[in-house]
Peer 1: 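Mind looking over this structure? Questions follow.
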Amino acid sequence: MSVLVEVQGLKVYFPVRRFLKTVGVVKAVDGVSVALEKGETLALVGESGCGKTTFGKALLGAVKPFAGKIYFDGQEINSVDDRQLEAIKRRIGAVFQDPYSSLNPMFTIYRIVEEPLVVHGIGSPKDRKETVFKALEDVKLVPAEDFAYKYPHMISGGQRQRVAIARAIISRPEFIVADEPVTMLDASIRVEILLLLREIQRKLGLTMVYITHDIATAKYFSDRIAVMYAGKFVELGPTKDVLKNPSHPYTQALIDAIPDPDPRNRLSFRKVVGGEPPSLINPPSGCRFHPRCPFFMQGKCDASEPPLYSVGPDRFTACFLAEHQS
Ligand code: SF4
């Protein structure tokens with residue numbers, strides 16, 4: 001297997017301005033490294049505001065890193081010229097959280113799905129028609145003629161997200177960033193859309209980053225999980241191993257907060273872990289999870305930042321509890 005996407009020491013910072021003065025810096029992503037092999041799916045999991053969406057935007061070339069590098073198929077995306085960047089972007093697709101706002105309500109489904117082909121000058125109008133109809137079939141909007149000339153408001157939320165997926169795959173990308181693709185959908189159709197994404201990922205051999213706040217959904221199709229907290233990866237490893245035997249207290253808390261099928265036993269994440277996610281402007285000293293951690297060791301966890309310890313084959317955790325396992 002060869003690496004398609006490689007992230008090295010990525011930092012994405014945003015200045016906080018007040019009255020035209022910079023009064024602080026939001027460290028949305030703060031020193032993250034990972035390599036994705038071709039055909040691999042990485043689930044990036046964490047609470048809202050942990051930096052996972054910013055990480056996804058950086059992979060799409062939509063935000064500039066403050067430091068670090070992102071390589072796509074060996075090319076560093078922030079050092080190529082505009083023409084080379086356009087060529088890279090043609091090979092990358094995106095599915096966003098909100099199928100209501102990500103589709104232009106004035107365009108037919110046909111025009112929405114065809115748009116990337118037009119923008120990148122791919123195919124003749126006749127070829128494009130064939131490709132659009134095939135993409136609609138790939139996402140199970142069949143018969144395609146029944147959907148192609150409708151407008152987004154004429155179809156359901158799940159069907160809109162299928163349209164968004166068709167648009168993402170129309171130019172046959174090799175890499176997809178799917179940012180909370182099922183969060184806005186009814187619970188009843190979330191699994192359907194996740195399984196569809198998995199089917200398409202396998203059929204097209206796509207490499208994928210699946211961004212979610214819901215660690216339970218990662219099991220549907222990710223090969224590895226990266227758990228993010230306050231701008232950093234705190235755990236990384238094969239999905240099955242991490243879900244079965246989490247090595248970081250934060251991952252354990254995310255798993256403990258997976259809703260129980262019996263509503264009487266359900267606990268919210270805040271009840272499980274307590275406290276609030278930290279500020280990304282002034283994160284806690286040492287381990288950023290220490291104010292919420294039930295295993296906090298005073299003088300150690302608040303004094304220095306735990307490195308990512310190796311805790312098994314392809315498994316890493318940023319917690320001092322693993323210090324003597326590695
Ligand atoms: Fe908890 Fe300390 Fe591990 Fe951080 S380093 S997760 S505070 S035990």
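Ligands are counted one by one from 1 in listed order, and the atoms in each one are counted from 1 as well.
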Peer 1: Is any NZ, NE, NH1 or NH2 atom of the basic residue among Glu174 and Lys38 found under 4.0 Å from an Asp or Glu carboxylate oxygen of the other?
Peer 2: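 Salt bridge: no.
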
Peer 1: Using every non-hydrogen atom in the two residues, find where Leu103 and Pro152 come nearest and quote the distance to one decimal.
Peer 2: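 Nearest heavy atoms, Leu103 then Pro152: CB-CG, 4.0 Å.
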
Peer 1: Between His248 and Cys319, what is the shortest heavy-atom contact and its length?
Peer 2: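 Scanning both residues completely, I find the closest heavy atoms to be CD2-CB, 3.7 Å.
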
Peer 1: Could you tell me whether atom 4 (Fe) of ligand 1 has an N, O or S atom of Cys293 under 2.8 Å away?
Peer 2: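 So Cys293 does not count as coordinating atom 4 (Fe) of ligand 1.
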
Peer 1: His290 heavy atoms, cut-off 4.0 Å: which ligand 1 atoms fall inside?
Peer 2: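 Within the 4.0 Å cut-off of His290, ligand 1 contributes 7 (S).
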
Peer 1: Mind running side-chain contact (heavy atoms from CB on, under 4.5 Å) on Leu243 and Ile255 for me, showing each step along the way?
Peer 2: CA-CA 7 Å; Leu243 290 178; Ile255 291 170; 4.2 Å; yes

Peer 1: Regarding Arg91 and Asp73, does a basic nitrogen lie under 4.0 Å from an acidic carboxylate oxygen?
Peer 2: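 Salt bridge present between Arg91 and Asp73.
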
Peer 1: For ligand 1, which atoms, with element, lie under 4.0 Å from some heavy atom of Cys301?
Peer 2: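 Ligand 1 atoms under the 4.0 Å threshold to Cys301: 2 (Fe), 5 (S), 7 (S), 8 (S).
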
Peer 1: Got a salt bridge between Lys203 and Asp138, using NZ or NE/NH1/NH2 to carboxylate O under 4.0 Å?
Peer 2: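 Yes, Lys203 and Asp138 are salt-bridged.
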
Peer 1: What protein heavy atom sits nearest atom 4 (Fe) of ligand 1, and how far away is it?
Peer 2: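 The answer is Cys287 SG, 2.4 Å.
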
Peer 1: Confirm or rule out an N/O/S atom of Cys319, from backbone or side chain, lying less than 2.8 Å from atom 3 (Fe) of ligand 1.
Peer 2: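 Yes, within the cut-off.
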
Peer 1: Yes or no: does His248 have any heavy atom under 4.0 Å from an atom of ligand 1?
Peer 2: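 It does, in that a heavy atom of His248 comes within the 4.0 Å cut-off of ligand 1.
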
Peer 1: Below 4.0 angstrom from a heavy atom of Pro249, which ligand 1 atoms are there? Numbered from 1 as shown, please.
Peer 2: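 Counting from 1, the qualifying ligand atoms are 6 (S).
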
Peer 1: Going by the order shown, which atoms of ligand 1 are within less than 4.0 Å of some heavy atom of Phe320?
Peer 2: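 This gives 3 (Fe), 5 (S) as the contact atoms.
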
